[in-house]
Amino acid sequence: MGRIFSGVPLALFASLAAAQNQVNMSPGVTEIGADIFELHMLIMWICVVIGVAVFAVMFYSIYAHRKSRGHEASQFHESTKVEIAWTVVPFLILIAMAVPATSTLLEVYDNDEAELDVLITGHQWKWKYEYLDETGDNIAFFSNLTTPQEEIYNTAAKGDHYLLEVDEPLVIPTNTKVRFLITANDVIHSWWVPELAVKRDAIPGFINEAWTRVPQEGIYRGQCTELCGAYHGFMPVVVHAVSPEEFQAWQAAKRGAAQAESQLAMQTLSSDELMTQGKAVYETACVACHGAQGEGGIGNAIAGSAVVMGDLSQHMAIVAKGVAGTAMQAFDAQLSQVELAAVLTYQRNAFGNNTGDIVQPGDVAGMNNG
Amino acid sequence: MGDHHHGPAAGVTRWLFTTNHKDIGTMYLWFSFAMFLLGGFFAMVIRAELFQPGMQLVEPAFFNQMTTLHGLVMVFGAIMPSFVGLANWLIPMMIGAPDMALPRMNNWSFWILPPAFLMLASTLFMEGGAPAFGWTFYAPLSTTYAPPSVTFFIFAIHILGVSSIMGSINIIATVMNMRAPGMTYMKMPMFVWTWLITAFLLVAVMPVLAGAVTMMLMDIHFGTSFFSAAGGGDPVLFQHIFWFFGHPEVYIIILPAFGVVSQIIPAFSRKPLFGYASMVYATASIAFLSFVVWAHHMYTVGMPVAGELFFMYATMLIAVPTGVKVFNWISTMWRGSLSFETPMLFSIGFLVLFTLGGFTGLMLSIAPADFQYHDTYFVVAHFHYVMVAGAVFSMTAAVYYWLPKWCGRMYSESMGKIHFWISFIGFNITFFPQHFVGLAGMPRRIPDYALQFADFNMMSSIGAFIYGASQLLFLYNVIATIVSGERVSDEKVWDGAEGLEWTVPTPAPYHTFEEPPLVSKPAGTF
């Protein structure tokens with residue numbers, strides 16, 4: 001193979017399509033991505049050559065052997081020699097394809113000697129990233145779609161990274177072999193970043209492995225690629241590759257923020273603080289199913305809900321532990337105590353619910369421990 | 001024997017109680033066309049929503065119901081029954097038999113279909129909506145996380161499976177027992193051969209599908225954990241079972257299409273089929289290989305590398321017999337005396353576009369490259385090239401080719417040609433750009449997409465509306481032919497047509513070959 005295959009089709013199609021309309025696979029930024037791209041181009045060009053040859057024969061026949069030109073039909077109808085030829089020749093071509101395919105596949109499967117392990121868990125409909133640390137001091141967070149409902153429902157102009165933007169991207173260091181351990185919490189998802197050439201199914205009860213080594217800093221975007229329910233189209237993957245130094249600093253900052261969060265959980269917050277943060281949490285964690293005005297959708301309505309306006313402990317239990325067999329998840333694994341308290345307060349007071357209840361982080365902690 | 005001739009019963013009972021292979025074939029064909037329009041309507045909803053980025057017409061949950069039902073209705077309601085209908089009409093006439101071997105079962109295998117699809121369609125109106133887990137219904141999305149209507153879906157699949165198994169047993173029994181004297185296996189028309197092999201595939205894999213949905217039923221209602229890791233089960237097991245059915249299934253769909261094209265190309269080339277024996281062996285090899293390639297649908301589930309390699313090599317091998325078939329068809333045309341009536345146009349359209357779908361299939365077989373293709377629009381483009389331009393084009397060719405024999409009237413050739421060109425162009429506008437968006441990174445089964453995919457999606461939707469509309473022209477042409485087409489009375493409607501079905505009067509009488517013909521010439525020779 002070789003790089004000669006790479007440029008030709010792009011130049012060929014460039015005249016047919018506008019610049020922003022990508023028509024081919026991206027070679028991506030990783031070595032594996034480039035190998036896969038070349039393999040893809042090699043097989044494609046072999047197919048193109050065979051196709052052109054075979055159909056040239058057919059179209060010549062369509063031109064030259066027409067009844068309307070007075071062509072008389074021959075009656076030949078078999079030849080063992082040509083049958084053997086067109087069985088053996090394609091077989092040899094296939095062997096030529098299988099050789100580079102096998103070596104690339106073996107590379108993809110070389111998961112050894114990773115310098116960083118990240119556990120990726122698919123949830124309906126967000127990804128959780130957890131950096132596995134030997135000391136047990138893991139950094140973990142959820143990565144939610146941030147595209148506003150207004151853009152999706154066409155009442156606001158769509159941004160540049162429409163549907164491919166998240167609140168917290170996966171941050172990885174460049175020039176480091178990063179191993180992904182991929183699983184799922186509910187249904188099967190699939191984690192894909194085209195420019196890293198990594199796609200692996202996230203399957204509940206299984207842990208799949210994949211790896212990458214990103215040579216250059218940048219933001220790489222992808223999506224869930226296994227149908228995982230109503231909002232399958234709305235769970236993007238964003239990977240932020242930064243220099244190893246920047247990665248160290250980022251890790252330190254994340255650990256610091258986690259500590260500050262646990263400090264905050266000890267305090268009593270004002271109703272305004274809770275409502276402001278609660279609104280923010282609602283709009284990332286709840287809005288897709290329960291609606292921007294709490295009107296419901298996939299999930300029950302929040303506005304006027306008997307659960308939300310009724311007994312706090314029952315409301316808290318549903319939000320924290322989820323409802324088995326439905327899309328309602330256990331949010332205690334996804335939200336901090338402060339966030340849980342805030343969103344509970346918000347739900348009990350927004351959308352005309354006006355119960356006046358204030359839920360403090362301490363209340364949430366009390367329930368979780370009880 | 002002449003005294004025993006009797007025509008069809010009067011009124012609706014003719015259709016309800018009929019055991020006549022022609023009546024049953026007709027019902028299968030009309031039913032499958034109705035399902036084709038229903039599945040096509042679902043496709044139009046999908047393409048209308050995808051016309052622009054953003055959610056416009058439907059909600060994401062409903063979008064998933066549309067993709068699911070589109071797939072199920074097209075595969076199980078449109079394509080499969082249409083070829084069974086064709087088999088019913090043609091196999092007895094091609095092998096010189098008076099009817100199918102098991103006529104009452106034949107009636108039953110048709111009549112359980114409409115209730116099954118009525119039940120499947122009725123799930124749209126149920127609480128929680130219709131099945132929304134894709135036509136491949138991967139667990140646990142289709143079990144623990146499924147809407148309540150999944151139980152009706154399972155029942156519908158069971159009934160379809162029973163219908164298919166009965167239909168195939170009937171075809172096997174007919175072909176094995178009822179061939180006219182002198183009609184040896186290696187003299188049978190290719191269409192009969194491909195259907196015989198298809199019938200064996202069906203008998204082998206439909207019970208596997210039934211097993212898969214039964215396990216789902218147990219998981220949902222009876223507390224088992226076949227597909228739930230939490231209970232010690234295995235969600236990947238579902239995919240292995242499903243694709244052990246699902247891969248032979250795609251050959252169940254395409255082999256009869258091969259058979260049709262192998263009848264039509266020689267007729268309009270006025271030359272016997274090239275390499276008849278190798279065509280039979282190639283078909284059998286494809287059928288055999290179809291059982292050992294299923295996991296190429298699952299390259300990303302995390303199989304061991306040895307498994308990936310096995311399934312990659314086995315899948316690549318299928319290119320060999322498939323290539324043999326394509327080369328044989330082109331050699332059949334070579335130095336023939338070609339004319340291009342509508343059936344031939346659709347057959348050539350099939351040949352070109354199916355081969356294109358075959359090439360993308362070969363690309364998809366390459367496991368490392370599949371990591372980039374898997375579950376993108378590249379796959380959607382690939383299987384629509386083989387399913388629509390393959391199976392549906394060949395089915396359309398078959399209708400134009402045999403319709404004059406069935407009803408004794410000629411269709412409008414100019415309308416047929418217009419139908420072909422609109423279909424051909426509309427199809428390619430729809431599906432060719434899907435290769436591009438797939439390679440550029442657009443996953444399948446999403447109701448909304450990033451902005452860089454917008455232009456090609458709009459193009460694709462426009463193509464889909466064109467292709468969809470062209471099918472109404474087809475419907476009109478067929479009805480106009482039956483009602484008021486120009487009468488034909490030649491036994492051989494096409495001067496190059498060969499085979500026993502062209503030796504009976506036109507239109508084909510209600511009963512044919514009550515006395516078996518004597519066959520001496522090999523199939524397809526002059």
>> Main chain of L439(B), side chain of N24(A): is a donor-acceptor contact present, judged purely on distance under 3.5 Å?
In response: no
>> So for T147(A), is it side chain, backbone, both, or neither that comes closer than 4.5 Å to the heavy atoms of chain B?
In response: neither
>> Please classify the contact of Q434(B) with chain A as side chain, backbone, both or neither, using a heavy-atom distance under 4.5 Å.
In response: neither
> What residue in L105(A), I36(A), I43(A) has the most heavy-atom pairs under 4.5 Å with chain B?
Replying inline: L105(A)
>> Please classify the contact between A450(B) and chain A as side chain, backbone, both or neither, with a heavy-atom cut-off of under 4.5 Å.
In response: both
> In terms of heavy-atom pairs under 4.5 Å, which option from G441(B), A229(B), A61(B) contacts chain A the most?
Replying inline: G441(B)
>> Does K199(A) qualify as a cation-pi partner of Y373(B), given the criterion of NZ or CZ under 6.0 Å from the six-membered ring centre and within 45 degrees of its axis?
In response: no
>> If we define contacts as heavy-atom pairs under 4.5 Å, which of T332(B), L309(B), T143(B), V326(B) has the most with chain A?
In response: L309(B)
> N64(B) versus chain A, heavy atoms under 4.5 Å apart: side chain, backbone, both or neither?
Replying inline: side chain
> Between I330(B) and chain A, which part of the residue has a heavy atom less than 4.5 Å away: side chain, backbone, both or neither?
Replying inline: side chain
> Taking all atoms of both residues into account, what is the closest heavy-atom pair of W192(A) and F371(B), and its distance?
Replying inline: NE1-O, 4.1 Å
> Do you know which of L356(B), L351(B), V437(B) has the most heavy-atom pairs under 4.5 Å to chain A?
Replying inline: L351(B)
>> Quick check on Y313(B) against chain A: is it the side chain, the backbone, both or neither that has a heavy atom closer than 4.5 Å?
In response: side chain
> Looking at T87(A), I203(A), I62(A), which makes the most heavy-atom pairs under 4.5 Å with chain B?
Replying inline: I62(A)
> chain A: which of I366(B), V352(B), I446(B), T355(B) shares the most heavy-atom pairs with it under 4.5 Å?
Replying inline: V352(B)
> Is there a side-chain contact between L141(B) and I188(A), using heavy atoms and a 4.5 Å cut-off?
Replying inline: no
> Under a 4.5 Å heavy-atom cutoff, which of E107(A), E151(A), H232(A), R221(A) has the most pairs with chain B?
Replying inline: H232(A)
>> Less than 4.5 Å to any heavy atom of chain A: does that hold for the side chain of P304(B), its backbone, both, or neither?
In response: backbone
> Between A73(A), G233(A), G205(A), which shows the greatest number of heavy-atom pairs under 4.5 Å with chain B?
Replying inline: A73(A)
> Do Y276(B) and H77(A) have side chains that get closer than 4.5 Å, going by heavy atoms?
Replying inline: no
>> Looking only at heavy atoms and a cut-off of under 4.5 Å, which of Y449(B), F378(B), F268(B) has the most pairs with chain A?
In response: Y449(B)
> Contact part of T376(B) toward chain A, heavy-atom cut-off under 4.5 Å: side chain, backbone, both or neither?
Replying inline: side chain
> When only pairs under 4.5 Å are counted, which of M97(A), E195(A), E209(A) shares the most heavy-atom pairs with chain B?
Replying inline: M97(A)
>> Within the 3.5 Å criterion, strictly below it, is a donor on S278(B) or E83(A) matched to an acceptor on the partner's side chain?
In response: yes
> Taking C-beta and beyond as the side chain, do F37(A) and Q372(B) meet within less than 4.5 Å on heavy atoms?
Replying inline: no
> Quick one: what part of A139(B) sits under 4.5 Å from any heavy atom of chain A, side chain, backbone, both or neither?
Replying inline: backbone
>> Less than 4.5 Å to any heavy atom of chain B: does that hold for the side chain of T225(A), its backbone, both, or neither?
In response: both
> Given a strict heavy-atom distance threshold of 4.5 Å, which part of F359(B) is in contact with chain A: side chain, backbone, both, or neither?
Replying inline: both
> Is a donor on one side and an acceptor on the other found under 3.5 Å between the side chain of H71(A) and the backbone of L338(B)?
Replying inline: no
> If you count heavy-atom pairs under 4.5 Å with chain B, which of A202(A), P90(A), A98(A), S190(A) comes out on top?
Replying inline: A98(A)
> When only pairs under 4.5 Å are counted, which of Q52(B), M298(B), Q65(B), Q56(B) shares the most heavy-atom pairs with chain A?
Replying inline: Q56(B)
